[in-house]
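Bear in mind that the values here come from a model prediction, so they are computed numbers and not experimental data.
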Amino acid sequence: QVQLVESGGGSVAAGGSLRLSCSVSGYSIGWNCVGWFRQPPGKEREGVAAKTIGSFSAAYYADSVKGRFTFSQDNNKNTVYLQMSSLRAEDTAMYYCAVNRGACAGTWSSARRYDYWGQGIQVTVSS
């Protein structure tokens, strides 16, 4: 059974930082696209960042987080991270990690491409 478990969320003041973790069990994420998504209250889920694990290709980022968020991975732990810095109130959302059984492509931000999802974790940024 594939499980994705997010951790590291919480509340932070604007300008602060958080690091989210996504630990995957039951499936090796190597050479698969792993994405981070978020869903603000009352809005649709949106892609934040994604990367093909083990690939030399750079990570993809939404324009709204470029330069502030960084995707990284620990292949040995089958875990990915999202370092979030210079947080803004508009970053407040439920954050999810997801795995696509294939490499990332131009449609990385489409939630429908992903096969497995975590339960989500709340990030709240106060202004």
Side-chain angles (χ1 to χ4, degrees):
Q1 182 178 0
V2 181
Q3 287 190 315
L4 286 69
V5 179
E6 299 97 340
S7 60
S11 297
V12 65
S17 300
L18 284 173
R19 189 178 81 154
L20 303 182
S21 300
C22 173
S23 179
V24 182
S25 60
Y27 188 81
S28 175
I29 61 175
W31 303 107
N32 290 272
C33 182
V34 179
W36 285 98
F37 288 77
R38 66 186 181 186
Q39 187 165 15
K43 296 185 179 181
E44 293 186 356
R45 193 169 297 190
E46 61 180 4
V48 175
K51 190 180 188 301
T52 301
I53 305 303
S55 167
F56 290 112
S57 299
Y60 296 88
Y61 294 97
D63 288 343
S64 60
V65 306
K66 280 180 182 176
R68 301 189 299 122
F69 290 12
T70 304
F71 186 110
S72 63
Q73 70 275 343
D74 185 331
N75 295 338
N76 291 332
K77 295 182 179 179
N78 219 38
T79 298
V80 301
Y81 306 94
L82 186 69
Q83 177 68 47
M84 305 185 295
S85 302
S86 301
L87 283 162
R88 306 166 181 168
E90 54 263 39
D91 294 318
T92 294
M94 186 73 78
Y95 283 72
Y96 301 86
C97 64
V99 174
N100 170 39
R101 291 177 296 179
C104 292
T107 54
W108 67 270
S109 60
S110 173
R112 288 182 288 183
R113 294 193 72 240
Y114 293 80
D115 302 290
Y116 308 114
W117 289 85
Q119 80 287 352
I121 193 162
Q122 180 67 37
V123 171
T124 302
V125 184
S126 57
S127 57

Working for side chain to side chain contact (heavy atoms under 4.5 Å, CB included), residues Val99 and Ile29: CA-CA 7 Å; Val99 174; Ile29 61 175; 4.2 Å; yes

Side chain to side chain contact (heavy atoms under 4.5 Å, CB included) between Asp91 and Arg38, intermediate numbers included: CA-CA 9 Å; Asp91 294 318; Arg38 66 186 181 186; 2.9 Å; yes

Run Leu82 and Val80 through side chain to side chain contact (heavy atoms under 4.5 Å, CB included) and show every step you take. CA-CA 7 Å; Leu82 186 69; Val80 301; over 6 Å; no

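Scanning both residues, Gly54 and Trp31, for their nearest heavy atoms gives O-CH2, 3.0 Å. The nearest pair of heavy atoms linking Tyr60 to Cys104 is CE1-CB, 3.5 Å. Closest approach of Trp108 and Ala50 over heavy atoms only: CE3-CB, 3.5 Å. Of all heavy-atom pairs between Val65 and Val48, the closest is CG2-O, 3.6 Å. Across Ala62 and Gly47, no two heavy atoms sit closer than the pair CB-O, 3.4 Å. The two residues Ala49 and Phe71 have their closest heavy-atom pair at CB-CD1, 4.2 Å.
The OH atom of Tyr61 sits 9.0 Å away from atom NZ of Lys51, with the distance rounded to the nearest 0.5 Å. Of the inter-residue distances, the one linking Glu6 atom CD with Gln119 atom CD reads 4.5 Å to the nearest 0.5 angstrom. Summarising the geometry, atom CZ belonging to Arg68 is positioned 10.0 Å from atom OG belonging to Ser17; distances are rounded to the nearest 0.5 Å. From Asp74, atom CG reaches atom OG of Ser23 across 10.0 Å, with rounding to the nearest 0.5 Å. How far CZ of Arg101 is from OH of Tyr116: 4.0 Å, rounded to the nearest 0.5 Å. Taken from CG in Asn76 to CD in Gln73, the straight-line distance is 11.0 Å, to the nearest 0.5 Å.
Under a 3.5 Å cut-off, the side chain of Ser57 and the backbone N or O of Ser55 do not form any donor-acceptor pair.
Grouping the Ile, Leu, Val, Met, Phe, Trp and Tyr side chains by contacts below 4.5 angstrom, directly or via other members, places Met94 apart from Leu18. Residues Trp36 and Val123 are members of one and the same hydrophobic cluster, defined by side-chain heavy-atom contacts under 4.5 angstrom among Ile, Leu, Val, Met, Phe, Trp and Tyr. By the criterion of side-chain heavy atoms lying less than 4.5 angstrom apart, applied directly or through intervening Ile, Leu, Val, Met, Phe, Trp or Tyr residues, Met84 is grouped together with Val12 in one hydrophobic cluster.
Judged by distance alone, the side chains of Asn32 and Tyr27 do bring a donor and an acceptor atom under 3.5 Å apart.
With a 6.0 Å cutoff to the six-membered ring centre and a 45° limit on the axis angle, Arg19 counts as a cation-pi contact of Tyr81.
Of the residues listed (Val24, Asn78, Ile53, Asn100), the one engaging Val34 in a side chain to side chain contact (heavy atoms under 4.5 Å, CB included) is Ile53, and it is the only one.
The aromatic rings of Tyr95 and Phe69 are tilted relative to each other, their planes meeting at an angle between 30° and 60°.
Taking the side chain as every heavy atom from C-beta outward, Gln122 and Thr92 approach each other to under 4.5 Å.
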